[in-house]
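Note that ligands are numbered from 1 as they come in the structure, with each ligand's atoms numbered from 1 the same way.
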Amino acid sequence: MSRGRPLLVAVAGLGFAGVCLADPLAARREYVMGTIAEVRVHAVDPGVDPEQATEAAMAEIHAVDRLMAVQRPDSDVSRVNRGAATRAVSVDHRVVEVLRASRHLSALTDGAFDVTVLPTVRAWGFLDGHPRRPADAPRPAGYRHVRVDAVRDEVAFDRADVGVDLGGIAKGYALDRARTAMLERGVRSAYLDLGGNVATLGLAPDGRPWRLGVRHPRRPDMLIGVLEVGEASVSTSGDAERFVEDEYGRAGHVIDPRTGRPADALVSATVVAASAMLADGLSTAAVVMGRDAFADLLPRVGGRAVLVALEPGGRAVSWVSPGLRFDVTDLAPAAAEPPFNH
Ligand code: ADP
Ligand code: MG
């Protein structure tokens with residue numbers, strides 16, 4: 001349950017074990033949004049205070065947490081969940097932005113991404129820190145039952161059993177805001193990590209692309225490969241961090257909205273997309289959709305991915321988007337098959 005090792009790790013040079021990036025000008029690590037946030041500033045414009053920039057970035061993340069955490073009774077999302085079935089509830093515009101993006105993602109993914117998973121996520125104990133297989137869990141009501149008024153900044157549900165959980169997208173949104181805050185303050189190079197979501201600003205301190213190690217979903221001490229990206233947004237989802245494990249196997253915290261049960265099409269999905277919010281939402285959707293359907297979707301959303309499935313014997317088999325710079329470090333031979341094209 002505890003989030004020890006990050007799913008994506010910054011690596012330097014050609015190797016990865018124990019090699020760290022150059023010392024940053026300023027860095028912060030804080031517990032927020034149920035995970036660890038890390039912000040590192042590597043280069044700034046003349047006269048810019050890197051400490052102040054990291055503070056501004058962290059402040060954006062904390063603000064999103066206060067608005068969107070379902071664990072906080074006073075968050076906008078909690079107020080919506082308590083009241084929106086009986087009346088329109090006023091919310092901060094940031095909540096409207098994320099709900100609208102969520103709806104867009106739901107349409108793109110044919111409902112695989114659906115923020116109305118709250119009652120199911122709760123029944124599985126993923127919110128109270130004690131994941132357990134429930135005897136019976138409610139199915140999500142469906143995203144179409146959430147009405148968002150983007151002019152008045154109001155949210156209403158048209159059914160009583162709707163509950164919204166932005167856990168699959170809010171961290172990405174928070175990272176986008178944090179990165180923008182740094183950009184506006186004159187930061188030239190920075191690395192932001194929020195529990196499996198990474199946003200980079202500019203190039204790495206050595207002037208080269210950032211190298212991100214993608215953790216093996218079952219062997220925390222190993223990477224399945226290293227991704228090279230410029231200024232980018234990358235998100236990993238899967239069942240490596242929050243899950244129930246019992247005689248029926250492992251069940252992760254991504255829910256298949258069609259069945260109301262944990263999705264198991266992929267054990268890990270790493271997505272590179274145009275924004276951290278999109279990468280976050282898409283990586284969650286990928287776990288529901290599985291390799292073929294998600295690979296079909298990728299070109300339409302301008303994303304790229306590394307998708308990992310487990311074979312019955314427990315071997316990890318990866319599929320890598322054409323055009324993605326990904327060095328395989330430990331893969332089953334099947335992964336060497338040519339990427340599947342369109
Ligand atoms: P992490 O929180 O580990 O970064 P994800 O981004 O994949 O992982 O988000 C998982 C969270 O998203 C769950 O804990 C739950 O809050 C929410 N969620 C679960 N299933 C779905 C789904 N099908 N669509 C949208 N959100 C989901
Ligand atoms: Mg996500």
Side-chain angles (χ1 to χ4, degrees), residues 1-8 32-37 64-65 68-71 77 81 98-99 101-129 131 137 139-143 146 163-176 193-199 215 217 233-244 251-273 275-290 293-294 303 305 307:
M1 190 58 213
S2 80
R3 309 190 140 218
R5 288 173 238 234
L7 295 173
L8 290 167
V32 59
M33 298 187 87
T35 187
I36 308 275
V64 171
D65 183 37
M68 302 186 197
V70 289
Q71 291 88 348
V77 169
N81 285 330
V98 175
L99 283 173
S102 299
R103 197 187 170 85
H104 179 59
L105 266 168
S106 297
L108 279 173
T109 61
D110 218 1
F113 186 86
D114 190 326
V115 294
T116 64
V117 292
L118 179 69
T120 316
V121 170
R122 184 169 274 144
W124 277 80
F126 289 120
L127 291 181
D128 60 18
R139 289 238 313 263
Y143 69 95
V146 180
V164 159
D165 173 3
L166 301 180
I169 189 167
K171 288 197 286 295
Y173 179 73
L175 271 191
D176 282 328
D193 177 350
L194 184 55
N197 299 263
V198 166
R215 210 174 85 191
S233 304
V234 188
S235 170
T236 294
S237 290
D239 64 8
E241 293 282 327
R242 297 191 179 191
F243 55 83
V244 172
H253 69 151
V254 174
I255 303 297
D256 183 336
R258 297 163 297 196
T259 61
R261 300 177 46 76
D264 58 4
L266 295 171
V267 288
S268 149
T270 297
V271 176
V272 184
S275 72
M277 176 163 67
L278 191 57
D280 190 2
L282 284 173
S283 67
T284 303
V287 176
V288 177
M289 295 172 76
F294 191 71
L307 309 176

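When O of Gly168 and O of Asp280 are joined through the Mg ion (ligand 2), the resulting angle is 90° to the nearest 10°.
In summary, the atoms of ligand 1 found under 4.0 Å from a heavy atom of Asp165, numbered by their order in the structure, are 15 (C), 16 (O). Counting the atoms of ligand 1 from 1 in the order shown, those under 4.0 Å from a heavy atom of Gly167 are 2 (O), 6 (O), 9 (O), 11 (C), 12 (O), 16 (O). If you number the atoms of ligand 1 from 1 as listed, the ones under 4.0 Å from a heavy atom of Pro257 come out as 23 (N). Listed by number with element, the atoms of ligand 1 under 4.0 Å from a non-hydrogen atom of Thr284 are 5 (P), 6 (O), 7 (O), 9 (O), 21 (C), 27 (C). Atoms of ligand 1 found under 4.0 Å from any heavy atom of Ser237, numbered from 1 in the order shown, are 5 (P), 6 (O), 7 (O). Of all atoms in ligand 1, listed by their number and element, those nearer than 4.0 Å to a heavy atom of Asp114 are 22 (C), 24 (N), 25 (C), 26 (N). Heavy-atom contacts of Val254 reach the following atoms of ligand 1: 7 (O), 19 (C), 20 (N) (cutoff under 4.0 Å). Each of the following atoms of ligand 1 lies closer than 4.0 Å to a heavy atom of Gly195: 4 (O).
Residue Ala112 places a heavy atom under 4.0 Å from ligand 1. Look at Phe113 and you'll find a heavy atom under 4.0 Å from some atom of ligand 1.
The only option from Val287, Asp165, Thr284, Thr120 that meets the side chain to side chain contact (heavy atoms under 4.5 Å, CB included) definition with Ile255 turns out to be Thr120.
The shortest N or O to N or O distance between Thr236 and ligand 1 is not under 3.5 Å. Between His253 and ligand 1, at least one pair of N/O atoms sits closer than 3.5 Å. The shortest N or O to N or O distance between Ile255 and ligand 1 is under 3.5 Å. Of the N or O atoms in Gly168, one or more lie within a sub-3.5 Å distance of an N or O in ligand 1.
Within the coordination shell of the Mg ion (ligand 2), defined by N, O or S atoms under 2.8 Å, Thr284 is present.
Side-chain atoms of Trp124 and Pro262, non-hydrogen and from C-beta on, do get closer than 4.5 Å to each other.
By the criterion of a heavy-atom distance under 4.0 Å, neither the backbone nor the side chain of Arg242 is placed next to ligand 1. At a 4.0 Å heavy-atom cut-off, ligand 1 touches Val117 through the side chain alone.
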